Amino acid sequence: MKIKEKMTRKMSAAVTVERDSIETALDKRVRELRCLYDIASITGTTRLTLPQRFQEIVNLLPRAFQYPDCTCARITLHGDEFKTRNYRDTDRKISANITVQGAKTGTVEIGYTGTLPALKNGLFSKEERLLMDAVAERLGAITEHRHSEQRIKEERDKTRRYLDLAGVIFIAMDAKGCVTLINRKGCQVLGYEEKEIIGRDWFDNFIPERLRDSVKQISQKLLAGVEEGNELFENPVLTKNGEERVIAWHNTILRDDAGNIMGHFSSGEDITDQKQSQELFQTISHNSPLGIYILQDDKLQYTNPQLQKITGYSPQEMAGRDLLSLVSLEDRDVVKSNTVFTLREESPYPCEYRILNKNGQIKWVMQTVSPIHYLGREAILGNLMDITERKYLERKVIEYEVLNKMKSDLLAMVSHELRTPLATIKGYSTLILDYYSRLDSEETKDYLKSIDISTDRLAKLVDNLLDTSRMEAGLLKLEKSPVSMTQLIKGVATEASIRADQYHIVAKFSRRLPMVNVDAKRIRQVLDNLIDNAIKYSPPSTEITISADISAHELLVSVSDQGPGIPVEELTNIFDRMYRIEQRLYSGADGIGLGLYICQRLVESHGGRIWAENVPDRGSIFKFTLPLTSKIKRKKGRRGIAAELLNRKAR
Ligand code: ADP
C-alpha cells in the first residue's frame, strides 16, 4: 500500500511538472502570436509613419521572448536604426535579415542584457528563432508595401499636380452623379473650394436648373453604356456667384477592373470668352451696315449678310470667289492699285468703285481694306459701304446745279429775247399813238409791220418755252392721222415764202410721197423751225430747199440752205437744249437754243431721227425721217388719193 501511495505521489508530481512545462510552452506561443498580431495591427494603422511603425514594433518585440525584462531589440533598415531603450550591444543575441524584393535591406536583432538563469536549450529556443524570421519577413513586407504605397502616392500626387496645372477642368463623378474629384481649374471656374464640391451632386448644384434634365440625360446615357462619350458637349455650369460659364465637355466612362461602369471622368474647357467674342463678332458682323469680307489668297473666305445684300450672292456663291470678279470691268484696275497702295502704306485709304450685282444692277460702294491675320496667315479685311443712293443724290445735285445754271441762263436769255420784241412793239405803238395824225400811211404801215413781226417773234418764243416745259413734263401728246407730206411741205414752203420774201424757198419732190401717220401740226412745227433757222442764219437772196424722198421704211425730209454752215464739231451739240453755237451768240441772230431741241424731241416722238450735215462753203442740210407704216402704205391707194384731193380742194 505504501509503495502504491509512493507511486501515486510520484506520478502526480510528474504530471504537475509536465503540466507546468506545457503551460510555459503555451504561454510562450501565446506571447509569440500576440507579438505577430500586434505587428499586424501596427502595420494596418494608417495614422503612423513608417519610422513610427518600426519604433512601435521594436518596442513590443522583447515581450515575445522568454525574459522580457532583460531583453533588448534593434531594427536596422536602410541605415536607419530603431531600438528599445535598454538596447545594448551584446554577444547573446539572435538576428534575422530583412529582405525587400530579394535584397537584404536591414536586420532585426534580439539580445539579452542581464543575468539569466541557466538555460538548458541554449540562449534562444527554436520557436524564438522562427519568430525572429517571421518578424523579419513581416518587416520586409511592411517596407515593401510601404514603398509601393509611397510610389502610388507619388504617382497620385504627380497626377494631381498635372491635373491642377492643366488649363482645363477635370472632374470625376460616381454613378450617382456625386463629384469624386475636381482639379484646381474646376474649382477656379466654379468659384468654390475643393471641399465644397467633393461629394456633392453635380447636376443639382452646378448645372443651371433649366438644363439640369437634359444634361442628366447625357450622363445617364454614358453610364448606361449607350454612348461611349467621344462626342463634345457644350453646356453652361453655375458658379458660386450665380454666373453661368459655358464649358465644352469631353466625357470618358470610368470602369472597374471587372469592366463595370463606376462613373465618368470629364475634361472641360471654359469657352465662355470664346463664345462671347464669337457672339460679339456675329452681332457686329450681322448687324453692321457695312459689307464685310475677308480675302485670303485672292479668294473670299468670309462675307457678312450686308455684303450678301449688296451683291445679291449667297455666302456659298461667294465663298472662294475672287472679289475682282464682282467689280465692274472699268473699276478693276482702281481697286487693285488702291488695295496694293493701302496695304503698303498701312493706312486705310477709301476707294469708290462699282459692283455688278447678281441681278445685273450697278452698286456703288466705298471700300477700305486693312491687313489682318486670319487662321494664322496673312489676309485682307475689307469694309464696303453701299453708296449707290449717295451717288444718285450726288448726280441729282450736279444735275440740279446744271439745271439751276441753265435756269439763270434761260432767264437772262429769255428776258433779253422777250424784251427786244417787246421794246419794238412798245416803241412803235407809242409812236403811232403820239404822232398818228402826222404820220403818212406808208410810215404807219411800216411801224405796224414791225409790231407784227415782233409779236410773231414773241409768240414763237413763248410757244417754244411752253413746248419745252410740256415735253419735259411728259405732257406732249401727239394727235396722229394720215397726212400727205407733199401737201404739208408745199404749204409750209408757200407760207415761208410769204414770211421771208427775200429768200428763194422751194419745195422739191423726186417722186410721189406716200401718206404718213403723223401729228400734222407738230411736223409742220419742225419744218417751220428748220426753215426759220435757214432764213435766220443765211444771207438774203439765197435759196432754201425743202425736199423729200422715201427709202424702204421711212420718209426722208431735208431742209438745206446756203448759209455759213455748221462746224463739224457742233453738228450734234446744236440739238441740245439751249445750245447755241458760241460764235453766233453775238452775231445778232435772236434765239434761245430751243428750236432744234424741240425739233429733235418731236421727230423722235414720231419714231424718226433728225441730224444736220455740213456742206462746207455751201451751207447746211438738216434732215429728218418719219417711219412709214405698212398699214398706211397698203391703204395709200384710195385714202391717200382721197386725202390729196381733199387737200387740193382746201387750197
Ligand atoms: P436758236 O436758233 O434759237 O439759237 P436752235 O436750236 O434753233 O436755236 O439752233 C441752235 C443753234 O444751231 C443756233 O444757235 C445756230 O448757231 C445753229 N443753227 C441752227 N440752224 C442753223 C442753220 N441753218 N445754219 C447755221 N447754223 C444753224
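Owing to the predicted nature of the structure, the values given are computational and were not obtained by experimental measurement. Every number for a ligand or one of its atoms is a count from 1 in the order of the listing.
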Taking 4.0 angstrom as the limit and counting only heavy atoms of [X], give me the atoms of ligand 1 inside it, by number and element.
{"X": "I566", "result": "25 (C), 26 (N)"}
{"X": "Y579", "result": "10 (C), 11 (C)"}
{"X": "S620", "result": "22 (C), 23 (N), 24 (N)"}

Backbone or side-chain N or O of G593 under 3.5 Å from ligand 1 N or O: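 N/O-N/O distance below 3.5 Å exists for this pair.
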Any N/O pair Y597/ligand 1 closer than 3.5 Å: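 N/O-N/O distance below 3.5 Å does not exist for this pair.
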- prompt: Nearest heavy-atom pair of Y313 and K358: which atoms, and what distance?
  reply: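 In this case the closest contact between Y313 and K358 is CE2-CG, 3.5 Å.
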Shortest non-hydrogen separation from S370 to L343 and the atoms involved: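 Shortest heavy-atom separation between S370 and L343 comes out as C-CD2, 4.0 Å.
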message: Less than 3.5 Å apart, any donor N or O on the side chain of Q525 or D528 sitting next to an acceptor on the other?
response: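 Distance-only check fails for Q525 and D528.
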message: Once you measure the plane-to-plane angle for Y302 and F281, does it fall in the parallel (<30°), tilted (30-60°) or perpendicular (>60°) bin?
response: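 Ring orientation of Y302 relative to F281: tilted.
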message: Please compare D561, N533, I598 and report which has the shortest non-hydrogen distance to atom 23 (N) of ligand 1.
response: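 Result: the heavy atom closest to atom 23 (N) of ligand 1 is in D561.
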task: Only heavy atoms count here, so choose which of L461, L596, I592 is nearest to atom 9 (O) of ligand 1.
output: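 Selected option, by shortest heavy-atom distance: L596.
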- prompt: Heavy-atom contacts under 4.0 Å between K536 and ligand 1: side chain, backbone, both, or neither?
  reply: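 The side chain, only.
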- prompt: Is there a heavy atom of F575 sitting under 4.0 angstrom from any atom of ligand 1?
  reply: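 Judged by the 4.0 Å heavy-atom criterion, F575 does not count as contacting ligand 1.
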Side-chain heavy-atom pair [X], [Y] within 4.5 angstrom cut-off:
{"X": "T339", "Y": "V335", "answer": "yes"}
{"X": "F509", "Y": "I489", "answer": "yes"}
{"X": "R390", "Y": "M385", "answer": "no"}

